Amino acid sequence: MQRLRNLTRRQLLLLGAAAALGVAIGASALAGFVGVALAVVGVTLAGLAAGLLLALHRLAVLGREQRKALRDQRGVLEQTQRRLLGAVEQMLLTAGDRHRDLTELLATGQKTTALGTDRLLRAQTNEVEALLQLFGGFTPAAPMPPSGGFALNPTDLLDLLDLIRTRRPKLVLELGSGTSSVWIAYALEKTGGRLISLDHEPGYARKTRLALAAHGLTGVAEVRDAPLRPVVVDGRTFPWYDVEAVADLREVDLLLIDGPPEKTGKDARYPAMRVLEDRLADSATVVFDDAHRQDEAEALRKWVETIEGLTSEGEALGRHAVLSYRRIVRQMAPTNQ
Ligand SMILES: C[S@@+](CC[C@H](N)C(=O)[O-])C[C@H]1O[C@@H](n2cnc3c(N)ncnc32)[C@H](O)[C@@H]1O
């Protein structure tokens, strides 16, 4: 019964027709109408054969459709495979190129690092050698403040002290006090000169004064407070040392320009030669620290170009430049009376 309920309407109709035909055949045969029974059997067989043919035809159509769907699917699959393979090949090629690029980059990086380390090591060796020579020339009375960083490097100090030893300046003016002030004072103590050092920061000025006192050098060196004030040079206003701090100075034989620091403003040290040229002796030496920096290199170029008698002395050992200054005095043309 359950199975009968699951049959479709069409299947029930067919089943009903088959049952009716069976009953008709049976009834005709029982009633003696053998001809009628045979005719009904014939019709039934013909119907079955027609149904079979129809089913076979449907199966054939279905088979064709399935084969076509399969062909289509295979086509799509092959196309997808081809695309996938192309993408993988492309990826492998790119990965190969990238690997080569990376290897080259790594090799260049290694070379640069090796070169940088080599340069650093050589520079470090130079500084150690300079330091040994500095301490070989003097016996400090107290621990020396550190060199390098904000202070001059040992190579710069060695050059500077050699200039003092050979040129024997009577008056040294330093812009920016610190460790260098102590070393310069030691050198001047030997040669018989004196040092005036300016500092715009009262805290650093005090620190240098304390260091000079600890080394017993206050008789040789003096640190002056010189706060930054606006100064007009070549039509531009710069924050620069208060000129009052140098008002009494004449005949400066050696000028060390190591301040103000670059953070105080663009071209922070440019006013130095413009303001102090008049304070220099007729023949003087100018040491300009950090001359490799852009602002300082530009200032140096402009000074040499525009200040008569100022010439660069060439390569220095450290990061400073040495300039010599000779005052050019123009003779007044005699007037015809
Ligand atoms: C380049 S430093 C002068 C250094 C000095 N000539 C020497 O060689 O020791 C210029 C100015 O920077 C300031 N200064 C010194 N040491 C500093 C530090 N450690 N940090 C920041 N500023 C410093 C001081 O005011 C100094 O006048």
Side-chain angles (χ1 to χ4, degrees), residues 126-127 130-131 133-135 138 140 142-164 169 171-188 193-215 217 220-229 231 238-243 245-246 252 254-273 275-276 285-297 299-300 316-323:
N126 287 351
E127 296 305 333
L131 211 55
Q133 292 176 73
L134 282 172
F135 281 98
F138 302 92
M144 279 305 257
S147 53
F150 257 83
L152 290 187
N153 278 330
T155 43
D156 297 296
L157 285 167
L158 188 66
D159 242 3
L160 181 63
L161 265 51
D162 196 47
L163 286 173
I164 294 175
L171 179 58
V172 176
L173 173 60
E174 178 186 47
L175 307 181
S177 79
T179 303
S180 56
S181 318
V182 182
W183 281 107
I184 294 170
Y186 268 120
L188 290 173
R194 73 184 180 113
L195 167 72
I196 304 292
S197 186
L198 304 191
D199 211 303
H200 70 292
E201 293 259 8
Y204 285 114
R206 201 175 317 118
K207 213 169 155 185
T208 310
R209 273 185 214 113
L210 284 174
L212 288 167
H215 286 266
L217 293 164
V220 184
E222 178 194 343
V223 181
R224 293 184 179 178
D225 286 304
L228 301 184
R229 302 243 189 269
V231 60
F238 300 82
W240 200 75
Y241 298 107
D242 186 354
V243 288
V246 293
V252 173
L254 194 150
L255 170 64
L256 167 61
I257 306 168
D258 194 20
E262 61 178 340
K263 65 172 184 210
T264 58
K266 174 105 186 85
D267 303 319
R269 298 177 183 179
Y270 179 66
M273 278 306 293
V275 176
L276 296 171
T285 303
V286 178
V287 176
F288 189 23
D289 195 39
D290 303 311
H292 62 285
R293 294 196 308 221
Q294 202 182 341
D295 280 5
E296 280 70 14
L300 186 68
L317 190 61
R319 59 188 181 189
H320 62 271
V322 180
L323 302 142

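Both counts, for ligands and for their atoms, begin at 1 and track the order of listing. This structure is a prediction, so every number in the text was calculated from the model and none was measured.
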Q: Write out the residue and atom name of the closest protein heavy atom to atom 8 (O) of ligand 1, then the distance separating them to 0.1 Å.
A: Leu152 N, 2.7 Å
Q. Should the proximity of Phe150 to ligand 1, defined as any heavy atom under 4.0 Å, be assigned to the side chain, the backbone, both, or neither?
A. both
Q) Would you find a donor on one side and an acceptor on the other, under 3.5 Å apart, between the side chain of Thr179 and the backbone of Pro146? A) yes
Q. Thinking salt bridges, do Asp295 and Arg269 make one under a 4.0 Å N-O criterion?
A. no
Q) What protein heavy atom sits nearest atom 20 (N) of ligand 1, and how far away is it? A) Tyr204 OH, 2.9 Å
Q: Run the numbers for me: atoms of ligand 1, each under 4.0 Å from some heavy atom of His200, listed by number.
A: 25 (O)
Q | For atom 11 (C) of ligand 1, the protein heavy atom that lies nearest, with its residue and separation | A | Pro261 CG, 3.7 Å
Q: Could you label the plane-to-plane angle of the Phe138 and Tyr186 rings as parallel, tilted or perpendicular, counting under 30° as parallel and over 60° as perpendicular?
A: tilted
**Q.** Contact check, Glu174 vs ligand 1, heavy-atom distance below 4.0 Å
**A.** yes
(Q) When you measure from the side chain of His215 to the backbone of Leu210, do you find a donor-acceptor pair of N or O atoms at a distance under 3.5 Å? (A) no
Q | Residue selection (non-hydrogen contact nearest atom 27 (O) of ligand 1) among Val182, Thr208, Asp199 | A | Asp199
Q. Nearest protein heavy-atom contact for atom 9 (O) of ligand 1: which residue, which atom, what distance?
A. Thr179 N, 2.8 Å
(Q) Quick check on side chain to side chain contact (heavy atoms under 4.5 Å, CB included): which of Ile164, Leu217, Val220 does Ile184 satisfy it with? (A) Ile164
Q: Return the residue, atom name and 0.1 Å-rounded distance of the protein heavy atom closest to atom 7 (C) of ligand 1.
A: Ser180 OG, 3.1 Å
Q.
Test your reading of the model: is there a side-chain donor-acceptor pair from Arg209 to the backbone of Val223, 3.5 Å cut-off?
A. yes
Q. Going by the atom numbers of ligand 1, which of them fall below 4.0 Å from some non-hydrogen atom of Glu201?
A. 25 (O)
**Q.** Proximity of Pro260 to ligand 1 by residue part, where a heavy atom lies under 4.0 Å
**A.** neither
Q. Hey, does Gly176 come in under 3.5 Å of ligand 1, counting only N/O atoms on both sides?
A. yes
Q.
What verdict does the side-chain contact (heavy atoms from CB on, under 4.5 Å) test give for Met273 and Leu255, after you've listed the backbone C-alpha separation in whole Å, the side-chain angles of each residue and the deciding distance to 0.1 Å?
A. CA-CA 9 Å; Met273 278 306 293; Leu255 170 64; 4.0 Å; yes
Q) Around Arg293, counting heavy atoms of other residues, nucleotides and ligands shown, do more than 12 lie under 6.0 Å from its CZ? A) yes
Q. Considering only the protein, which heavy-atom contact is closest to atom 6 (N) of ligand 1, and what is its distance?
A. Asp258 OD2, 2.7 Å
Q. Taking 4.0 angstrom as the limit, do Lys207 and Asp199 come out as a salt bridge?
A. no
Q. Does the Asp242 side chain pair with the main chain of Arg229, one donor and one acceptor, at a distance under 3.5 Å?
A. no
**Q.** ligand 1 atoms in contact with Ala151 (distance to a heavy atom under 4.0 Å)
**A.** 7 (C), 8 (O), 9 (O)
Q.
I'd like to check which ligand 1 atoms, numbered from 1 as shown, lie under 4.0 Å from a non-hydrogen atom of Ser177.
A. 3 (C), 4 (C), 5 (C), 26 (C), 27 (O)
